Amino acid sequence: MIVVKKPDELAAMRISAKKTATILHKVASKVAPGVTTKELDEYAAELARKEEGRCAFYGYHGFSGHICSSVNEEVVHGVPGRRVIRDGDIVSIDFGLVYGGFVGDTATTVAAGEIDPEWHRLLDATQRSLEAAISKAVEGNRLSDISHAVQVVAEGEGFSVVRDFVGHGIGREMHEDPQIPNYGPAGRGPILKAGMTFAIEPMINLGVHKTETLKDGWTVVTKDRLPSAHFEHTIAVGKQQAEILTIPELDT
Ligand code: MG
């Protein structure tokens, strides 16, 4: 069942999501050659403590990080650790925060130093595929209009869409109904209503769409070890247009 949030619930989600996005923005700005993913993780934990929020991923099915940090060929769920970020890497950071009883979930992929132009094109296309998807999160549309929009942009640029992981409803729980694939035909699935809240999160690969999970049980990598990008926003379906909830507070 897809929960339609009431105005007071949406108001609480705006606050939670803004804090989530602000923390992600600050952590992402620390990405640079020589920094370890563990250092990024500790910074996220410190910022969450200051905001009196709880890191949603920490302890989730035993996950040891406060963020997911996925470098280059790592798609999602990378475990922060001793890996040193190098010049030319791309780093996907995914962060979830629980505040006031609601979860915010957002991700971005950033470049460390100078990256390959083709990788830059991948980041740009992934971000644009998310924007296209969000533009479809409008009352009266069907759920798969969101999915289809991602696929059109990503494949239109010659990239491939990860099938094994999907976006999701979000609210009091990190994962609520529905699941939101990033591919498929338009015009299918439930009709969207204003007040539904989704975490839309395209994961786009430079090479093949297939993935595998490393022996740590968490880190998902591309089958061909070519890079992958991941962008995510928590949004609310609107009557005329979607509202992006995970917009950072940039002046704090
Ligand atoms: Mg998510």
Side-chain angles (χ1 to χ4, degrees), residues 2-3 5 13-14 16-25 27-28 40-41 44 48 53-70 74-80 91-99 101-110 123 126-127 129-134 136-137 143-144 146-147 149-151 154 161-184 196-205 211 213 218-220 228-237 242-248:
I2 307 177
V3 182
K5 275 72 178 182
M13 284 192 72
R14 280 187 194 100
S16 169
K18 188 165 276 297
K19 287 180 186 289
T20 314
T22 304
I23 292 172
L24 178 75
H25 176 79
V27 172
L40 298 176
D41 188 70
R54 181 171 66 77
C55 294
F57 304 166
Y58 182 72
Y60 184 82
H61 294 284
F63 190 75
S64 63
H66 301 84
I67 57 170
C68 297
S69 54
S70 307
E74 297 173 354
V75 180
V76 283
H77 305 162
V79 184
V91 186
S92 299
I93 301 169
D94 193 349
F95 181 64
L97 186 80
V98 190
Y99 182 87
F102 287 92
V103 190
D105 192 0
T106 181
T108 189
T109 303
V110 290
L123 299 196
T126 307
Q127 194 158 18
S129 75
L130 173 59
E131 288 162 7
I134 292 170
K136 298 294 181 187
L143 183 67
S144 83
I146 294 174
S147 309
V150 172
Q151 186 175 23
V161 176
V162 170
R163 263 82 165 145
D164 301 334
F165 301 90
V166 297
H168 49 94
I170 185 167
R172 292 187 189 277
E173 304 294 330
M174 182 157 64
H175 296 122
E176 298 184 349
D177 285 340
Q179 294 201 344
I180 311 172
N182 293 300
Y183 63 95
M196 291 177 172
T197 46
F198 299 151
I200 304 177
E201 48 178 324
M203 291 144 266
I204 307 298
N205 295 350
T211 69
T213 303
W218 283 107
T219 311
V220 175
S228 182
H230 180 208
F231 285 81
E232 176 179 28
H233 273 306
T234 297
I235 64 99
V237 174
E243 179 183 353
I244 300 174
L245 302 178
T246 40
I247 299 282

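Counting starts at 1 for both ligands and their atoms, following the listed order. This structure is a prediction, so every number in the text was calculated from the model and none was measured. Numbers here simply count residues along the sequence, with the first being 1.
As for D105, its N/O/S atom nearest the Mg ion (ligand 1) is the one called OD2. The Mg ion (ligand 1) is closest to atom OE2 of E232 (considering only N, O or S atoms). The minimum distance between the Mg ion (ligand 1) and any N, O or S atom of E201 involves atom OE2.
Less than 6.0 angstrom separates the ring centroid of Y60 from the ring centroid of H175.
With a cut-off of 2.8 Å, the Mg ion (ligand 1) has no N, O or S atom of D94 in range. At a cut-off of 2.8 Å, H175 does not coordinate the Mg ion (ligand 1) through any N, O or S atom.
Within the 4.5 Å cutoff, the side chain of F95 has heavy atoms near those of the C55 side chain.
Ring pair F57/F63 is perpendicular by interplanar angle, where above 60° counts as perpendicular and below 30° as parallel.
In this structure, the side chain of T246 does not engage the main chain of A21 through any donor-acceptor pair within 3.5 Å.
E232 approaches L130 most closely through the heavy-atom pair N-CD2, 3.8 Å.
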